[in-house]
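Below is one structure, written out as C-alpha cells; the observations come after it.
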Amino acid sequence: MKIVLLSDTHLDATDGRVAGLDPRRRLHTALLDIVGHNGDADLCIICGDLTEDGSRASYEQLAGMLRRFPIPVRLLLGNHDERAEFLAVFPETETDENGFVQSVLDTPRGRLIFLDSLETGRAGGRLCGHRLGWLQARLEEVPGEPVHVFLHHPPFAIGVSTLDSCRLSPADADALKVLLKAHGNVRGLFAGHVHRAVFAEWGGLAAAALPSTNHQTALELGGARAGLGTDRPSYGIALLGADETVLHIKSFVPPS
Ligand SMILES: [Fe+2]
C-alpha cells in the first residue's frame, strides 16, 4: 500500500503569503509532483496545519485545490486549524462521538488511525481522556492487527527547543505510548508540526515527522531558537508492506 504524506500546508486565503512564501503555489506544485510521480498512491494524508489562519476562506481554497486531485485524501487538524470552520467546509469528514476529527481506515495492510491533537488556543497538542479513550476502543477492536497512527503533534522531543516546547503534551504522550505498546502491533507513527523530516524510535515504536510543503524549520539543535530553514519543500511516501513500513521523503522544486 502506498500512502502520500503531506503536512503543514498553511494555506492563507486572506493574506496569501506565509513566512514570505506562497503556500497555495507550493501546494499546487506538490500536488502536480504527486500526480506525476506517485499518482498510483492509494491514499493521501495531510497531517495538519492545513491552513495558517483557520479561516473558512482558507479551507475553501484547500477544497478547491483538492477537487480534481485523483487520490483519496484524509485531512488531519493542527494547531493552526479551527475545527468548526474546517468542518463547515468539509462536512463529510468523519468525527468521533465527542466531535474530534478522529477516524479509522481499515486496509489490507491493517488499521490506519487518525488522531486529532488540536487544542484550541494552544500551539502544543493534547490528547485528552476522551480522545485517548476513543483510541483505546479502536485498538481493542483489532487485536493483533497491524496499526499505523497519524496525528499532527509529535509525541517525542526532536532536540530543537523551539519545537519541543510545543509538541504533544508530555503527559498525553506518555499515555499514548502506553496504549500503543499495549496493542503490541503498532508499526509506525507519523506526525507533522515540526516542518522537518525526522525519524525516531519512541519507546520501541518507529516514528517520523514530516516536512512542510511550504516553509521549513532550520536545524538548530540545543537551546538556540530555530528560524526558517533553506531545505526544499517535500512530502513523504510511505510504503506499507506485509512485514515492513518504509518512508521516503520526496522534495520538489518550489515555484520561483
Ligand atoms: Fe505548521
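Heads up: numbering here begins at 1 and tracks the sequence. Note that ligands are numbered from 1 as they come in the structure, with each ligand's atoms numbered from 1 the same way.
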Looking only at the side chains, is there a donor atom on one of T217 and H195 sitting less than 3.5 Å from an acceptor on the other? no
Looking at D8, which of its N, O or S atoms is the nearest one to the Fe ion (ligand 1)?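 This residue's closest N, O or S atom turns out to be OD1.
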Among the N/O/S atoms of D49, which is closest to the Fe ion (ligand 1)? Give the atom name. OD2
D33 and K250: salt bridge (charged side-chain N to carboxylate O under 4.0 Å, His left out), yes or no, with the steps? CA-CA 9 Å; D33 193 280; K250 170 80 167 69; 3.1 Å; yes
Heteroatom N/O/S of H10 within less than 2.8 Å of the Fe ion (ligand 1):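 Coordinating: yes.
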Is the distance between the Fe ion (ligand 1) and the nearest N/O/S atom of H195 smaller than 2.8 Å? yes
Apply the test ring pair (Phe, Tyr, Trp, His ring centres under 6.0 Å) to residues H193 and H80: give CA-CA distance (whole Å), side-chain angles for both, the deciding distance (0.1 Å), then the verdict. CA-CA 10 Å; H193 190 53; H80 278 262; 8.5 Å; no
Check against salt bridge (charged side-chain N to carboxylate O under 4.0 Å, His left out), R83 and D116: CA-CA 10 Å; R83 201 174 281 112; D116 179 345; 2.9 Å; yes
